[in-house]
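Some notes on the structure that comes next.
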Amino acid sequence: MKMYVGNLSYDTTKQDIETLFAQHGQVTDVHVPTDRDTGRPRGFAFVTMDSKQSMDNAIGSLDGKNVDGRNLRVNEARPR
DNA sequence: GTTGAGCGTT
């Protein structure tokens, strides 16, 4: 139950994401990768939820949502 | 600014 959250503002934190997604289902994990060289957020994140239902619900409600001046992109994550 | 790490040879 992993999904990709892209087009994030660099001001959006892990905490912000967790709060957003928790409103649509049970969030089990949030990961915000930072650039290995610059230490800067990369502008996207990964959220894991407890079920596909939660995931679909969150995607349907949050994809395209304007947060911090940017429209979120939410969909199922690709394999790493 | 669009698909995760870190160690250090998988």
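Naming convention: chains lettered A, B, ... in sequence-line order (proteins, then strands); numbering from 1 in each chain. Treat the numbers as computed from the prediction; the structure is a model and nothing was measured.
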* Structure fact -> When rounded to whole Å, the NE2 to P distance for the pair A:H31 and B:dT3 reads 14 Å
* Expressed in angstrom and rounded to an integer, what is the separation of A:D68 atom CG from B:dT2 atom P? -> 18 Å
* Would you give the length of the straight line joining atom CE of A:M3 to atom CZ of A:F46, rounded to the nearest 0.5 angstrom? => 11.5 Å
* Shared ILVMFWY cluster between A:L62 and A:M49, side chains joined below 4.5 angstrom? -> yes
* Asked: Of A:S9 and A:K2, whose nearest nucleotide on DNA chain B comes first from the 5' end?
  -> A:S9
* Asked: Near A:E76 CD, under 6.0 Å, is it more than 12 heavy atoms from other residues, nucleotides or ligands?
  -> no
* Structure fact -> To the nearest angstrom, the CG-P distance between A:L72 and B:dT2 comes to 15 Å
* Among the nucleotides B:dT2, B:dT3, B:dA5, which one has an atom lying closest to any side-chain atom of A:R73? -> B:dT2
* Closest approach of A:A58 and A:F21, non-hydrogen atoms and distance? -> CB-CD2, 3.7 Å
* Asked: Given atom CD of A:E76 and atom P of B:dG4, what is their separation to the nearest angstrom?
  -> 15 Å
* Asked: Can you tell me how far P in B:dT3 sits from the matching atom in B:dC7, rounded to whole Å?
  -> 23 Å
* Residue closer to the 5' end of DNA chain B, A:R42 versus A:N7 (nearest nucleotide) -> A:N7
* Using whole Å, report how far CG of A:L8 lies from P of B:dG4. => 14 Å
* **Whole-Å distance separating the NZ atom of A:K14 from the P atom of B:dG4** => 16 Å
* Interface residues of residues 44-65 of chain A with DNA chain B (non-hydrogen, below 4.0 angstrom) -> A:F44, A:F46
* Structure fact -> The reported gap from CG in A:L8 to CD1 in A:I17 (rounded to nearest 0.5 angstrom) is 4.5 Å
* Asked: In whole Å, what is the span from the CE atom of A:M3 to the P atom of B:dT2?
  -> 21 Å
* Asked: Any luck finding a side-chain donor-acceptor pair between A:T13 and A:D16 under 3.5 Å?
  -> yes
* Looking only at atom C1', what distance separates B:dT10 and B:dG6, rounded to whole Å? -> 11 Å
* Do any N or O atoms from the side chain of A:D35 and from the backbone of A:R40 form a donor-acceptor pair under 3.5 angstrom? -> no
* To do: Take atom CZ of A:R36 and atom P of B:dC7, then tell me their distance rounded to the nearest Å.
  => 7 Å
